[in-house]
Engineer: 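Dumping the structure here so I can ask a few things about it.
As the structure is a computational prediction, the values presented were derived from the model and not from experiment.
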Amino acid sequence: MYEPNVVGDWHEYGEHAGLRVRVHRLEPAEPPRGRDDAAEGLTYFSVRVTVENRGGRHLGVQLEDGQIDVRVGPDGESAFLDWRNCQFIEGFDVYPLRRATAVLYAAAPERSLGQVDVQVQLRVEEEWTGRRLWAGGLGLAERTAGAPAAAGRDDGLAHQVSAFLRDQAEEGTA
């Protein structure tokens, strides 16, 4: 089993040298073209998925609806994805030292937004990569690995995931 990433972390794909992906900028947001009526009573948020090519050749990347799943709350309920406002990566050649970013707009009950899981399955050069998971929540500050936790957030989801990953790494070296 693979270990989940924390929102803001990069994940490198071993099967495609130099390709890495991250889910970041999980924040409250209103969609640019207005709310979908199906999201009435829900709180909107946005999330960005960035694909970066650090390899030596261009890679054709596709990240569209059905390749990203957003779940919220402790029971992992599906968030409402506002497909008409989302901006996907549709068959884009990402050249070396370049990035492409998808922007998703989703909505869910406000009480569930403290725990948001985003699962991504990228398609590169007509091949599917493995599914990867990023865990985070609205109101949790992104931070890089090794940075000190914000005061008062020691019990937050991001801290719990970071502590789990650190414990797993220590067990792997023992």
Engineer: Hey, does Ser46 have a side-chain heavy atom less than 4.5 Å from the side chain of Arg25?
Structural biologist: no
Engineer: Check the pair Phe92 / Leu63 against side chain to side chain contact (heavy atoms under 4.5 Å, CB included), numbers first and verdict last.
Structural biologist: CA-CA 9 Å; Phe92 190 78; Leu63 186 59; over 6 Å; no
Engineer: Mind checking whether Tyr13 and Ile68 sit in one hydrophobic cluster, side chains of I, L, V, M, F, W, Y counted as touching below 4.5 Å?
Structural biologist: yes
Engineer: Return the minimal non-hydrogen interatomic distance between His11 and Asn5, and the atom names on each side.
Structural biologist: CB-ND2, 3.9 Å
Engineer: Not counting sequence neighbours, which residues clear salt bridge (charged side-chain N to carboxylate O under 4.0 Å, His left out) with Arg98? List them please.
Structural biologist: none
Engineer: Quick one: closest heavy-atom pair of Glu30 and Tyr105, and the distance?
Structural biologist: O-CE2, 3.7 Å
Engineer: Evaluate the side-chain proximity of Val61 to Leu122: yes if any heavy-atom separation is below 4.5 Å, no if none is.
Structural biologist: yes
Engineer: If you group Ile, Leu, Val, Met, Phe, Trp and Tyr by side-chain heavy-atom gaps below 4.5 Å, do Leu42 and Phe45 land in one group?
Structural biologist: no
Engineer: Hey, quick one: are Leu81 and Val103 part of the same hydrophobic cluster, counting side-chain heavy atoms closer than 4.5 Å, chains of contacts allowed?
Structural biologist: no
Engineer: Starting at CD of Gln62, measure out to CD of Glu126 and round the result to the nearest 0.5 Å.
Structural biologist: 6.5 Å
Engineer: Check for me, please, whether Trp83 and Val23 land in the same ILVMFWY cluster - side-chain distances under 4.5 Å, paths through other members count.
Structural biologist: yes
Engineer: To the closest 0.5 Å, what do you measure between OG1 (Thr43) and CD (Glu110)?
Structural biologist: 4.0 Å
Engineer: Kindly say whether Glu77 contributes a backbone atom to a donor-acceptor pair with the side chain of Asp75 at under 3.5 angstrom?
Structural biologist: no
Engineer: Atom CD in Glu125, atom CG in Asp93: separation rounded to 0.5 Å?
Structural biologist: 7.0 Å
Engineer: If you take all heavy atoms of Ile89 and Val49, which pair is closest and at what distance?
Structural biologist: CD1-O, 4.4 Å
Engineer: Please give me the minimum heavy-atom distance between Tyr44 and Ala29, naming the atom from each residue.
Structural biologist: CB-O, 2.9 Å
Engineer: Would you confirm whether Asn53, through its side chain, and Val94, through its main-chain N or O, come within 3.5 Å as a donor-acceptor pair?
Structural biologist: yes
Engineer: Any side-chain to backbone donor/acceptor pair from Gln67 onto Glu64? Under 3.5 Å, distance only.
Structural biologist: yes
Engineer: Is any side-chain heavy atom of Ser78 closer than 4.5 Å to one of Arg71?
Structural biologist: yes
Engineer: So how far is it from Leu26 CG to Leu113 CG, rounded to the nearest 0.5 Å?
Structural biologist: 8.0 Å
Engineer: Does CZ belonging to Arg84 count more than 12 external heavy atoms closer than 6.0 Å?
Structural biologist: yes
Engineer: For the pair Asn85 (side chain) and Gly34 (backbone), establish whether a donor and an acceptor sit closer than 3.5 Å, ignoring hydrogens and angles.
Structural biologist: yes
Engineer: With no hydrogens and no angle check, is any side-chain donor or acceptor of Glu52 less than 3.5 Å from a backbone partner on Arg99?
Structural biologist: no
Engineer: Whether the side chain of Gln121 engages the backbone of Thr129 through a donor-acceptor N/O pair (distance < 3.5 Å, no angle test) should be reported.
Structural biologist: yes
Engineer: Has Glu15 got more than 12 heavy atoms of other residues, nucleotides or ligands less than 6.0 Å from its CD?
Structural biologist: yes
Engineer: So how far is it from Ser112 OG to Leu138 CG, rounded to the nearest 0.5 Å?
Structural biologist: 11.5 Å
Engineer: Determine, step by step, whether Val120 and Arg132 satisfy the side chain to side chain contact (heavy atoms under 4.5 Å, CB included) criterion, reporting the C-alpha distance in whole Å, the side-chain angles of both residues, the deciding distance to 0.1 Å, and the verdict.
Structural biologist: CA-CA 5 Å; Val120 175; Arg132 292 293 180 237; 5.5 Å; no
Engineer: What heavy-atom pair brings Arg22 and Trp134 nearest, and what distance separates the two atoms?
Structural biologist: CA-CZ2, 3.9 Å
Engineer: I need the minimum non-hydrogen distance between Leu19 and Val51, along with the two atoms involved.
Structural biologist: CD1-CG1, 3.5 Å
